[in-house]
Amino acid sequence: MDRQPSTPILSDMAYRTMNETAPYLSVLLPVYNEVDNLRPLYEDLKAVLDTLHHPYEILLIDDGSQDGSVAEIRALAAENPAVKAIILRRNFGQTAAITAGLDHAQGQILILMDADRQNDPRDIPALIKPLAQGFDIVSGWRKNRQDPFLTSVLPSRIANWIIGKLTGVRIHDHGCTLKAYRRDILENVSLYGETHRFISIFGHWIGAKVTEIEVHHHPRTRGKSKYSIAKSFKVLLDLPLLILLGTYLTRPMHFFGKIGGGFSLLGFLCACSVLYEKWVDPLAKAHRNPILLLAVFFALMGVQILMIGLLAELITRVYHESQQKKTYFVAEKIGLEPKQTQP
């Protein structure tokens, strides 16, 4: 069935006409050693985007490729002015490449996808339809993922389940790169490390409406996969930071207080165990009881973590007050006049 529309997908939204130079849709493609996939992907993308009746750009971000991808990117850009490129000096990682794309993209609707041709450009029309229905972020769900089960699918499912439990954003496939965003949502999101997988979560925390749709996923036929079990492990390592930034950024003492309080409670229970043994057997030597050492250890850990929490509170206040950072995001102002500056 032909899934390409004959009328604009976003016809009920304000959009630029084809006569204007600024693109309305920006397709962001981080590239790392994908020379064999670039031209076929470009041809597939162009065939789909030309049917959407919106000015668009294809932004290729090369992340230090060593296989000739840069030359192919230059060739594509020379053929079509809608193809633009950012060439990074070295391999900074996928998150850095995506950030560079977000900083330079001009479209009001941003579409992010991989350059390995496992994502299907034909899913783009369906992906942006929910934006016309009021959603801000639309995430792809690779329901029938064409990757090795033990090394890719299973670790990903476990990571997605843990992320959903801890963050409350219950979508099936946080790791799917194929997503569509409203630009204004991403203007309030900063990415570091490996956190590009959490864009939907960051958006949800600032009030964005998030949904997902099923998308196609194809087996890789050219090039070498960059996915590994180690990447899933890195995602899990980023989760504590994600929770701290998303839930406790303005009140870190609550985060560290819970942990420190837990250790202090364990120390108290161990101390009670030692006292109970002494009460039952007055001749028992408390200093020979290893549980006493645990009581002291847990108590010290609890105090140290509470002190870290106090330091984090001070750092948070310096961060917000010195840079005048807001602790909230305003969606709309009604009946408010701008403040007059003093002469």
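Because only heavy atoms are used, hydrogens play no part in the values below, and waters and symmetry mates are left out as well, while side chains stay in. One is the number of the first residue; the rest follow in order along the sequence.
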Other than Leu300, which residues form its hydrophobic cluster under the rule that side-chain heavy atoms must be closer than 4.5 Å?
Val296
Among Ile, Leu, Val, Met, Phe, Trp and Tyr joined by side-chain contacts under 4.5 Å, find the other residues sharing a cluster with Val274 and list them by chain and number.
Ile291, Leu292
Which distance, rounded to the nearest 0.5 Å, do you find between the [atom1] of [X] and the [atom2] of [Y]?
X	Y	atom1	atom2	answer
Leu265	Phe298	CG	CZ	10.5 Å
Cys176	Lys143	SG	NZ	14.5 Å
Arg170	His204	CZ	NE2	10.5 Å
Leu112	Leu178	CG	CG	8.0 Å
Leu52	Ile109	CG	CD1	11.5 Å
Gln66	Asn33	CD	CG	6.5 Å

Within the 3.5 Å criterion, strictly below it, is a donor on [X] or [Y] matched to an acceptor on the partner's side chain?
X	Y	answer
Asp116	Asn37	no
Asp62	Tyr32	no
Asn119	His217	no
Glu57	Ser26	yes

Between [X] and [Y], which heavy-atom pair has the shortest distance, and what is it?
X	Y	answer
Pro30	Ile98	CG-CG1, 4.1 Å
Glu34	Asp67	N-OD2, 3.3 Å
Ser139	Leu127	C-CD1, 4.5 Å
Pro121	Leu41	CG-CD1, 4.0 Å
Leu306	Gly257	CD2-CA, 3.7 Å
Val303	Ser264	N-OG, 4.5 Å

If you group Ile, Leu, Val, Met, Phe, Trp and Tyr by side-chain heavy-atom gaps below 4.5 Å, do [X] and [Y] land in one group?
X	Y	value
Phe92	Phe198	yes
Trp141	Tyr181	no
Ile308	Ile259	yes
Leu266	Phe297	yes
Ile87	Val35	no

Residue that, paired with Val83, satisfies side-chain contact (heavy atoms from CB on, under 4.5 Å) out of Ile73, Leu76, Leu59
Leu76
For a salt bridge (Lys or Arg N to Asp or Glu O under 4.0 Å) check, start with the C-alpha distance between Asp120 and Arg122, then their side-chain angles and the critical distance, and finish with the verdict.
CA-CA 5 Å; Asp120 194 334; Arg122 294 176 300 168; 2.8 Å; yes
Neighbour count >12 (heavy atoms, 6.0 Å) for atom CZ, Phe268
no
Check whether any side-chain heavy atom of [X] sits under 4.5 Å from a side-chain heavy atom of [Y], and report yes or no.
X	Y	answer
Asp50	Tyr56	yes
Ile199	Lys179	no
Thr177	Gln118	no

Is Lys209 paired with Asp136 through a side-chain N to carboxylate O contact shorter than 4.0 Å?
no
Test salt bridge (Lys or Arg N to Asp or Glu O under 4.0 Å) on Arg39 and Glu79 and set out the steps.
CA-CA 11 Å; Arg39 184 164 293 276; Glu79 295 175 15; 2.8 Å; yes
Partners meeting salt bridge (Lys or Arg N to Asp or Glu O under 4.0 Å) with Arg157 (sequence neighbours left out)
none
